[in-house]
Amino acid sequence: MSEHTRAHAPDHAAVVHGVPYPNNYSTEMLTFDRGKGVYLYDRAGKRYLDLGSGIAVNALGYGRRDLARTAARQMRKLIHVSNLFATEPALRVAARLLEAAAAVLRERPAAVHYGNSGSEANEAALKYARLYALRTRGPGNHKLLCFENGFHGRTVGALSVTPNPKYQDPFVPLLSDVTVLPYNDAQALEHALTPDHAAVIVEVVQGEGGLSVMTSEFAETLNRVCAEHDVLMIADEIQTGIGRTGTFLASEQLALRPDIITLSKPLAAGLPLSATVIPERINSQVKLGEHGTTFGGGPVTTAVAEKVLHTVHDARFLDDVRQRARQLEEMLHRLLSERSIVASLRGLGLLRGVELALTHEQAAEVIPRLLERTRSAGVLVLRSGANVIRIAPPLTISPSEVERGITTLDRELQRVEDEIAQNTGGTE
Ligand code: PLP
């Protein structure tokens, strides 16, 4: 079958109904078979341009023989040893992460705790912060501070600092003593941050909560007040880290100086791996056996992560990301000026958001339809928050692929715009 025929095959043949997963997932799912470059192929052979990267994970694209070779070679050598022992790939990646985190961490990074997911990386960060507060200031200094529309994960600790009623309400009581503040409100932060807090956890771009970007004023206030009270700042760079925003860490662009950094999504190019990077000041308070993991930082995931870090650290790679980001931004600006349904643009680098001028009720109906149609047209985009379309392509996307993806999105936005105008009888 030619590429052309495949691209036009209907996708319904690849949709499975009655998926045997719990009801927290959709019971109807498109089933993918393989990927190459920035394209995914469903099981009926139809091709999709992926502007979502498996939710900002597949930063180097699909079908990478170099990564497959690395993983296969390491699997032949050694797959698992437990965290009672070290392996060379894990040690090498830890060294690289310590070096990279030194560009932003307030103090020289000293240790990396590996995990398997973003949530686990944040759990570790919160636990280290509480250990530090307990051992340096005594009991009662365990409060956590987080921000509206932040997202830090689904495990109970990470969920406690993810103040979204839809995710939290069925599971209360969660951790107590969590302060929630509006994002980017420097005055509120100045007022609310007290020394009985162990940590502030924050994203540079709110990846799941609508793609708001941290302001420089807010970054400066965070740096100052956290240092003043010796409250640890955890920068959750799980979605923004490892080149996604055009620099290795997004914190670099705002001169944010956190005490702890958490990384995950693209770290091992789609294999499960996360990292929590801490300085000696914190590490010196932690005792043997106080935290741990079975699979985190195994030799296969870290061998692949080494390749990822090597690729992304190349200055030319990040130059290309910044160029693509500029192209994407220009195209999105055109959407903003030409489409009345586009209310604003959000995000940074190759993590971008298109806010739609829809009420929450309209968004609940219109956005799923828009995503479905875009998908039928062979382009995958994501949602972030209630009314923002998220674009987070593989960082290896080419100029013509950006062009094609955004042209398709534009066409579908225009369709929705026309339908809304018809329904409201508007003529403009
Ligand atoms: N933190 C941020 C910023 C995220 O975007 C996510 C996932 O979307 C997480 C934490 C949680 O990661 P995971 O789903 O791997 O537990």
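These numbers come from the heavy atoms of this one structure, side chains and all, not from hydrogens, waters or symmetry mates. In this text the structure is predicted, and so the values were computed from the model without any measurement. First listed ligand is number 1; within each ligand, the first listed atom is number 1.
Counting atoms of ligand 1 from 1 in the listed order, those under 4.0 Å from a heavy atom of Ser117 are 15 (O), 16 (O). The atoms of ligand 1 that sit less than 4.0 Å from any heavy atom of Glu203 are 3 (C). Atoms of ligand 1 lying under 4.0 Å from at least one heavy atom of Glu208, given by number and element, are 5 (O), 8 (O). Ligand 1 places these atoms under 4.0 Å from at least one heavy atom of His152: 1 (N), 10 (C).
The shortest N/O to N/O separation between Gln239 and ligand 1 falls below 3.5 Å. For the pair Ser264 and ligand 1, the shortest N or O to N or O distance does not fall below 3.5 Å. Considering backbone and side-chain N/O of Ser119, one or more are found under 3.5 Å from N/O of ligand 1.
Aromatic rings from His291 and His113 are positioned such that their centres are separated by under 6.0 Å. Residues Tyr62 and Phe32 place their aromatic rings such that the two centres sit no closer than 6.0 Å.
Of the protein's heavy atoms, Gly118 N, 2.9 Å lies nearest to atom 15 (O) of ligand 1.
At a threshold of 4.0 Å, the pair Glu290-Arg135 counts as salt-bridged, since one of the basic side-chain nitrogens sits closer than that to a carboxylate oxygen. A salt bridge links Glu412 to Arg415: one of the charged nitrogens lies within less than 4.0 Å of a carboxylate oxygen. Residues Glu306 and Arg96 are not paired through a salt bridge, judged by the lack of any N-O separation under 4.0 Å between the basic side chain and the carboxylate. Under 4.0 Å is where a charged nitrogen must lie from a carboxylate oxygen, and between Asp319 and Arg322 at least one such pair does.
Ligand 1 has Asn122 within reach: a non-hydrogen atom of the residue lies less than 4.0 Å from it. For the pair Lys265 and ligand 1, a heavy-atom separation below 4.0 Å is found.
For atom 1 (N) of ligand 1, the choice among Leu159, Asp236, Val205 with the nearest heavy atom turns out to be Asp236.
Cation-pi contact between Arg375 and Tyr48: absent, since separation from the ring centre below 6.0 Å together with deviation from the ring axis within 45° is not met.
Gln206 and Glu203 get closest at one heavy-atom pair: CA-OE2, 3.7 Å.
With a heavy-atom cut-off of 4.0 Å, Arg154 does not touch ligand 1 at all.
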